[in-house]
Amino acid sequence: MGLMTRRLMRSCAAALLAAAGVAGGLSAAPFVPPVEDVVVFRRDRLTLDVDSMEALAAQLLILAKAQGGAGEADRRGVAQMLALARALNPGDDQVWKFGERYAEGKQLAMTDPRTVANVRARVWQTLGWLESADAGEDAKSLAHCLGDVMALADPQHPRAKDLRKRGERGAWAGWVKPLAAFKVSAPVVRTPTQTAEDDPLGIPSPEPDESAEPTASIKLPKATLGTVVWAAPDSNKPRTLIVMDLAMEATLKGSEPENGGNGKDGDQPQPPSFSCKWVNPKADSPRNEETKAFNPTSNAARAIVEKHLGPMPADVHMSFSPDTPSIYRMAKDPTGVSGALAVLMNAARTGIEPQGIVLGNIQADGSFRLPTDFWGRLRFLPATARGGRLVVPAEAEPFLSAVLALEDPGFFLDYEVLYAADFAQLVERTARVSKDGLTDATARFAEIRDKRGNQNVSGYVGNRFVRTRLEEIVRSAPYHASARMLTIQGAGQRPTRLETRILAHELLTITRATDWVAKLTDELDKLDSGALNELAEKGREGVKSMERYAEMRDQALVAQTNDLMMGLRTFSRALRKRTDVAGKWIDHRGDLNTFKQLHQRVTTQLKLVAGMDP
């Protein structure tokens, strides 16, 4: 069969798949394949040889398989990846076959995380060459498209943020449909006035129940949801990570006179309006400072909820408070509660009671994204021994793979980790009673967890019967991250090295123990040189433990962090000599400044590599 014949058959199939997805309603997640034969760049003018183009096409196919289809942006991203792969290697039937299965709603299992990480790194390298001045105009056109794709495929990469800020630059018009084409259509809701004549299916709407009470503005007056935040045990101690239960209480309010109704002339009752307040009796900061930090977060959460449910009821007042004995200051970690806050607002209106821990932020577009220092918050959780359901952003997959690399598969039995890509999915995945099949998947996962007993986790999930059951959960609930990670562990495909950015995060966790030393000024006479030396030795042990998880190219990061610990040891030894032979105190501020400079240099480098603000 010739290439032209295959293209004709593919074009017909694409049209049929698109029609089936829209007209037939076969899938709640529409996918529109890219248009065939659109020319954005010419292959014969690319500064890549044929082998390199075919390799890049294969890499894009792997990224498409790893992308999933949780949200419209993901589905459109897959279409963009397939469009580029087809353009780079038109004769590759694997690309077309995957597109067909994807359009039919047959989500494939995610590719091995280590493979995906390596592919991402190689594509970034290719993109760097295509963007160079020597690559040519057609290469530049490909680079624009590839940059759009990589901003979605590897959102935590240091370059991805800048790419998203600049907006799409690829020539997708006429090639890949706009985002709106990939959105899930809202269900048709009949109004009480619809009749059988109005209904094209001839099904009359039920008569309204006159005796039924009107729908209440509040469906759930109280609820709590866990999240991980920075807090202090008391006002005299530094902040640490804790699991905090955010508590919501919703009440109805009536019409009240403005200014409290003091009876003055012109004082008229005012119609109620929705209100939301932060109540934190344990805060050690002024109330207005807490409120100032809370308002932008609550307003953003409210906007997301209203986008899904309509305006907030005017007669409702909500209050939120941190249910913890520790002191949580909203002003110090305002975004740590944004995901939980939005879910609780939704719960009050819908009656969908949430449970578990939410570890992520809700963005203005409704997407569920990683919070600041996601890795630190995630790695803190095992120390709490709390367990239960944990909902994380879909883009957290590389970080979960890193937990496997660090040889902690038991985390995925202690915590039932689920992915969510947007607000709607976040509500579904945190619901105590699920409507999307999660209840069944959770029950099967609980059975696997309960039957483990005292068996070693790796050996247990390696059992072929257990692995088969885990694979069944992944097929029915692709967002079940725990089942997916344990399947990888059981299949003997556990990654053994950390991605560069995650290694940098782990090294930063080790260096944080020295941050307080770098903040000292003149309090040197109070320092215990023995304690500082002990801190340095403990840090060196931590750094050494990271050596076996680092790729060869990343060993320099490990060495630099070790240099920092050696610098702390040098400073501690200098402090041992407090006085000279004349009995005078020695000024060690120069030794301290030397350590401070080393600390700043090393931690700044690690933060840049980790994709954090230095």
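For reference, positions follow the sequence shown, starting with 1.
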Is there a salt bridge (charged side-chain N to carboxylate O under 4.0 Å, His left out) between R601 and D563 once you walk through the steps? CA-CA 11 Å; R601 185 168 65 252; D563 289 344; over 6 Å; no
Mind checking the CG-CG spacing from L127 to L142? Nearest 0.5 Å is all I need. 8.5 Å
Does any donor atom in the side chain of Q67 or Q80 lie under 3.5 Å from an acceptor atom in the other side chain? no
Please check if the side chain of N280 supplies one atom and the backbone of Y328 the other of a donor-acceptor pair under 3.5 Å. yes
In this structure, are over 12 heavy atoms from other groups packed under 6.0 Å from E537 atom CD? yes
Using 30° and 60° as the class limits, which term best fits the ring planes of F399 and W375: parallel, tilted or perpendicular? tilted
Without swapping roles, check the side chain of R540 against the backbone of M566 for a donor-acceptor pair under 3.5 Å. no
Under 3.5 Å, is there a donor on one side chain and an acceptor on the other for T500 and E551? no
Donor-acceptor check, side chain of Q493 to backbone of I488, threshold 3.5 angstrom: yes or no? no
How are the rings of F320 and F294 set relative to one another: parallel (under 30°), tilted (30 to 60°) or perpendicular (over 60°)? tilted
Run the salt-bridge test on K538 and E541 with the 4.0 Å N-O cut-off and return the result as yes or no. no
Atom OG1 in T240, atom CZ in F380: separation rounded to 0.5 Å? 6.5 Å
For the backbone of V417 and the side chain of S482, can you confirm whether one donor and one acceptor N or O come within less than 3.5 Å of each other? yes
To the closest 0.5 Å, what do you measure between CD (E395) and OH (Y419)? 11.0 Å
